[in-house]
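Structure record follows, encoded as structure tokens.
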Amino acid sequence: MLYTDKVLDHFTNPRNVGELEDADGIGEVGNAKCGDIMKMYIKVKDGIITDVRFKTFGCGAAVATSSIATELIVGKSIDDALKLSNKAVVEALDGLPPSKVHCSVLAEQAIKSAVTDYYTRQGIDPIPIVGEVGDCDACHH
Amino acid sequence: MLYTDKVLDHFTNPRNVGELEDADGIGEVGNAKCGDIMKMYIKVKDGIITDVRFKTFGCGAAVATSSIATELIVGKSIDDALKLSNKAVVEALDGLPPSKVHCSVLAEQAIKSAVTDYYTRQGIDPIPIVGEVGDCDACHH
Amino acid sequence: MEKRFIYADNAATTKVSDAVLNAMLPYFNEQYGNASSIYGMGRNAKRDLEVSREKVAKALSCDPKEIYFTSCGSEADNWAIKGVCERLAPRGKKHIITSVFEHHAVLHTCEALERQGFEVTYISIDENGIINLDELKNAIREDTAIVSIMYANNEIGTIQPIKEIAEICQEHDVIFHTDAVQAIGSVEINVKELGVDLLALSGHKIHAPKGVGALYIRKGLVLPNFIHGGAQERNKRGGTENIPAIVGLGVAMEEVTTGIPQRVENVTKLRNKLIDGILEIPHTRLNGDREKRLCGNCNISIEGIEGESILLMLDMYGICASSGSACTSGSLDPSHVMLSLGLSHEIAHGSVRFSISDETTEQDIDYILEVMPKIVNRLREMSPLWEKIIEAEG
Amino acid sequence: MEKRFIYADNAATTKVSDAVLNAMLPYFNEQYGNASSIYGMGRNAKRDLEVSREKVAKALSCDPKEIYFTSCGSEADNWAIKGVCERLAPRGKKHIITSVFEHHAVLHTCEALERQGFEVTYISIDENGIINLDELKNAIREDTAIVSIMYANNEIGTIQPIKEIAEICQEHDVIFHTDAVQAIGSVEINVKELGVDLLALSGHKIHAPKGVGALYIRKGLVLPNFIHGGAQERNKRGGTENIPAIVGLGVAMEEVTTGIPQRVENVTKLRNKLIDGILEIPHTRLNGDREKRLCGNCNISIEGIEGESILLMLDMYGICASSGSACTSGSLDPSHVMLSLGLSHEIAHGSVRFSISDETTEQDIDYILEVMPKIVNRLREMSPLWEKIIEAEG
Ligand SMILES: Cc1ncc(COP(=O)(O)O)c(C=O)c1O
Ligand SMILES: Cc1ncc(COP(=O)(O)O)c(C=O)c1O
């Protein structure tokens with residue numbers, strides 16, 4: 001199992017780790033059985049994600065994908081954040097071992113989950129915008 | 001395959017190698033197919049084997065067993081020579097690898113064959129004294 | 001705190017000892033002859049091969065003719081189980097008994113045989129990681145070909161009642177194989193007193209190199225070949241003999257089976273300190289029986305965090321450890337051993353194994369004990385699962 | 001004449017080269033981590049494992065994903081043939097084609113499969129030791145699972161028309177395995193151009209250590225596992241990876257597949273001098289085609305004397321050589337390869353093989369050529385068989 005330096009860096013020094021007391025949206029995906037839980041907090045102003053934090057239970061790749069995902073969406077519009085694919089997450093980390101690609105899917109889902117929560121709180125039906133937020137396929141035990 | 005020092009010594013410096021021009025008995029056993037031929041020449045005086053020579057085509061063990069066999073019978077009575085067993089030959093060489101024990105049988109047979117020839121030349125039926133001289137079992141292709 | 005390097009993953013593999021390496025070195029480029037060759041260099045290789053076989057035999061209290069060298073522990077396990085099954089299947093014996101927490105070398109072999117029409121019964125273990133003897137007794141049938149139960153588990157280090165199992169097998173006239181890869185050097189083994197029919201071991205777990213193992217085959221038991229080829233290993237295992245590694249294995253077997261009681265005492269003392277120290281961290285539990293346990297094994301589950309993260313953090317501190325079997329990392333599921341103990345998935349995910357050796361020092365243990373709470377705290381702080389656990393406690 | 005030491009048995013095994021040994025050494029007691037482990041030392045091992053796989057792949061012009069490391073050439077042969085047979089038997093393909101003069105790793109594997117109900121056709125070779133292509137074509141049937149023909153023979157060194165065989169197999173949609181253990185380094189091999197499906201190689205024949213080999217498995221061809229166990233080798237071969245040996249194999253593959261044409265030219269020149277020199281002894285013959293032959297191989301039959309005696313005498317002069325396959329010494333029968341050439345038993349018994357390398361010097365050849373007539377004379381003088389040959393000549 002080979003992690004890239006980028007993965008190890010994001011694991012060792014995760015960016016934006018923690019909680020946001022006054023979050024506008026909180027998403028959580030994954031489950032303990034599968035070994036990964038990601039919780040994402042976002043702060044939104046004028047359709048822009050102004051702040052983001054995460055908490056993750058999981059392997060090195062789970063932590064690193066959470067960390068890089070927060071970096072990739074902070075300062076972006078919600079629309080852009082929703083466009084973030086797991087592929088982009090993998091690329092930003094210079095790759096992931098095949099058995100860990102599911103973590104990048106989880107990161108993508110965590111963002112969607114937080115946005116869903118944000119819209120719900122705003123009284124907007126998230127489904128037409130975000131779609132159904134699932135877990136990654138690998139986790140469907 | 002492990003040869004003892006004794007085997008290697010008898011292979012390297014075989015005793016009594018060659019022919020006896022005026023042999024009283026000549027025996028030959030084995031065959032080329034099986035990979036071993038032993039030819040034994042004896043000189044007999046008053047029932048005593050006074051001189052002996054051998055020629056051998058074969059592996060290291062074949063040469064060594066021939067060589068030690070000549071040493072073991074020279075100066076002995078024919079009766080004693082006939083009593084020489086392949087086991088005694090193996091022991092005299094401090095052992096032989098299992099796959100080479102048949103060579104010691106061949107050496108025993110070579111002596112019997114030479115004695116048979118000696119009696120035949122003397123007009124004595126050798127069978128009651130020497131028995132049938134065969135080859136070793138391993139050679140019965 | 002100064003960063004140190006501490007190798008605490010001896011159950012995964014070990015450092016080749018100086019004595020072993022020195023014994024091996026001449027065979028690579030000085031005495032490199034083929035042991036089947038007739039000239040001096042070949043004869044010497046053959047001689048040294050047999051000396052090594054004698055050493056291994058002595059270490060197990062058996063006859064050298066009962067020792068067959070293989071390329072690893074896995075090959076030995078495969079040969080033993082497949083060999084017995086191939087041999088006994090024509091007599092209608094198509095049932096195998098093994099345990100749920102065997103190494104994959106045994107489990108996947110059994111599964112392969114299942115696909116070929118054999119039936120396999122998997123004996124469970126109790127919550128302490130010890131095999132269920134009554135279940136074993138009840139599982140034996142008329143058509144049972146082989147029982148394969150490991151001597152000591154690689155993850156949780158629990159030592160199994162091998163002598164009792166052997167007795168049960170003898171009573172029922174069933175062949176008994178034990179995977180002793182983890183037990184060698186930590187337990188005194190006399191195969192004759194034990195009454196096992198087959199026993200597998202591996203070099204790289206006992207400071208010999210990787211790529212060599214051995215199978216003890218009790219005299220009188222004839223197995224079909226597994227790797228067909230030349231006349232090596234008395235016609236039972238083809239392939240040019242790996243003399244350097246085999247010589248290394250002989251030296252290692254001599255080393256690790258000498259002075260076992262004293263070594264076990266010393267290592268156990270350190271290991272207990274490690275266990276007790278880590279268990280001071282709240283929400284942790286020791287996996288596997290505390291007494292019937294390899295002296296070097298410390299396997300602990302830590303709630304709220306995940307094993308791989310712990311390992312990566314330990315690595316940052318220079319500590320090598322493992323979570324579940326090293327062989328199965330890269331898989332998504334928590335190790336089958338952890339689950340077979342009855343642990344929940346989340347607790348199974350959070351296990352960490354330290355496997356120390358007699359080279360481990362008290363300072364090493366102190367260092368691990370200093371580092372572990374920091375790592376646990378840091379990971380728990382960022383764990384949404386830990387959050388829930390704490391909340392649930394109120 | 002000063003006694004020298006000359007190793008002329010490179011077809012039996014080779015000396016580990018300096019570059020290989022130096023590359024291996026750190027992995028025994030410095031970088032000894034398990035390649036499946038997550039920490040730095042494990043990750044480095046994994047990285048170096050994959051670098052080695054790339055080197056082997058490059059040397060064969062294939063994808064690294066098509067290379068699987070094994071413990072030896074024999075294991076690779078066993079895996080290839082048994083694997084294909086296990087996979088195709090359920091589809092009714094229970095016929096194997098191989099040749100009469102394969103290595104025992106192939107022959108005994110085929111015989112084992114025969115006992116399990118497979119049918120085996122053994123293709124003959126011509127008097128020059130080259131496979132009979134028409135016979136092969138005619139032997140292929142609807143139910144043929146695999147053709148296994150060696151790239152170059154280990155005793156007589158003859159190189160087989162592998163590309164033509166692969167074409168025939170492709171035409172008939174039959175899987176083709178080649179045992180290339182002897183060919184690596186003496187022949188330029190591009191598995192894609194050749195069109196083989198499976199190819200076995202062994203480290204210790206090319207200055208890597210004993211105890212490591214590899215199997216090329218063409219992408220798209222899925223073999224069942226042979227050694228079941230952990231997730232190593234992309235789940236295809238259990239057993240902790242033998243990193244030092246695998247690293248050594250990578251370096252060796254790089255070394256021996258670089259500059260083949262020049263090396264072959266140099267070695268051939270020396271080898272031809274050796275052949276011509278020995279053939280000056282009356283009643284001798286070269287075994288195997290002179291042109292389609294490994295550059296280092298000189299196999300000659302000497303009438304009236306027996307091979308093992310020649311070897312023991314050569315050993316006294318410090319020369320290491322072989323008679324028949326090193327693997328089969330200890331058996332009573334002359335080698336099956338010699339007999340398959342159509343040689344009589346007595347001539348087969350009297351064969352000697354010198355296998356030289358690029359480390360062999362002209363002085364070495366001169367020395368062998370000085371020694372050989374002495375040995376032959378001495379043994380012929382004490383040979384009753386020679387007596388007969390001379391008498392028959394009159
Ligand atoms: C042609 C051939 N195939 C297979 C083998 C077996 O290789 P190994 O000794 O690595 O098992 C050898 C050498 O012994 C060989 O010469
Ligand atoms: C209990 C057990 N059995 C078998 C094996 C396999 O040994 P090897 O890696 O030598 O094939 C191992 C180690 O990986 C083990 O711990």
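Only a predicted model underlies this, so the values are computations on that prediction, with no experimental measurement involved. In the text below, chain A, chain B and the rest are named by the order of the sequence lines, each starting its count at 1.
Here SG of D/Cys320 is found 11.0 Å from CG of C/Asn34. Values are rounded to the nearest 0.5 Å.
Between chain C and the residues D/Pro244, D/Pro224, D/Ala321, D/Pro209, the largest count of heavy-atom pairs under 4.5 Å involves D/Ala321. Between chain C and the residues D/Gly42, D/Ser202, D/Ser74, D/Gly73, the most heavy-atom pairs under 4.5 angstrom are made by D/Ser74. For chain D, the option among C/Arg237, C/Arg115, C/Glu30 with the highest count of heavy-atom pairs below 4.5 Å is C/Arg237.
For C/Leu314, no part sits under 4.5 Å from any heavy atom of chain D, backbone or side chain. There is no contact between C/Glu111 and chain D, counting heavy-atom distances below 4.5 Å. The contact between C/Met24 and chain D is made entirely by side chain atoms (from C-beta outward), counting heavy-atom distances below 4.5 Å. Heavy-atom distances place no part of D/Gln31 under 4.5 Å from chain C, backbone and side chain included.
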Name the atoms and distances for all side-chain donor-acceptor pairs under 3.5 Å in residues 10-17 of chain D, with sequence neighbours left out.
| from | atom 1 | to | atom 2 | distance (Å) |
| --- | --- | --- | --- | --- |
| D/Asn10 | ND2 | D/Ser355 | O | 3.0 |
| D/Thr13 | OG1 | D/His204 | O | 3.4 |
| D/Thr13 | OG1 | D/His204 | ND1 | 2.8 |
| D/Thr13 | OG1 | D/Lys210 | NZ | 3.2 |
| D/Thr14 | OG1 | D/His204 | O | 2.7 |
| D/Thr14 | OG1 | D/His207 | N | 2.7 |
| D/Ser17 | OG | D/Val20 | N | 3.2 |
| D/Ser17 | OG | D/Glu255 | OE1 | 3.0 |

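In this pair, D/Phe226 and C/Phe226 present their aromatic rings parallel. The plane angle is below 30°, not in the 30 to 60° band.
The shortest side-chain heavy-atom distance between D/Cys72 and C/Glu241 does not fall under the 4.5 Å cut-off. The side-chain heavy atoms of C/Leu312 and D/Ile38, taken from C-beta on, include a pair separated by under 4.5 Å. Side-chain contact between D/Leu25 and C/Leu25 is present, with at least one heavy-atom pair separated by less than 4.5 Å. At least one side-chain heavy atom of D/Tyr39 sits under 4.5 Å from a side-chain heavy atom of C/Asp9. Counting heavy atoms from C-beta outward, D/Asn29 and C/Asp18 have side chains that approach closer than 4.5 Å.
Residue C/His228 is tested with D/His104, D/Lys82, D/His108 for a side chain to side chain donor-acceptor pair (under 3.5 Å); the sole match is D/Lys82.
Legend: residues meeting side-chain contact (heavy atoms from CB on, under 4.5 Å) with D/Ala80, ordered by chain and number and at least two apart, are D/His177, D/Leu198, D/Leu215.
Within the 3.5 Å criterion, the main-chain N or O of C/Ile227 finds no donor-acceptor partner in the side chain of D/Asn78.
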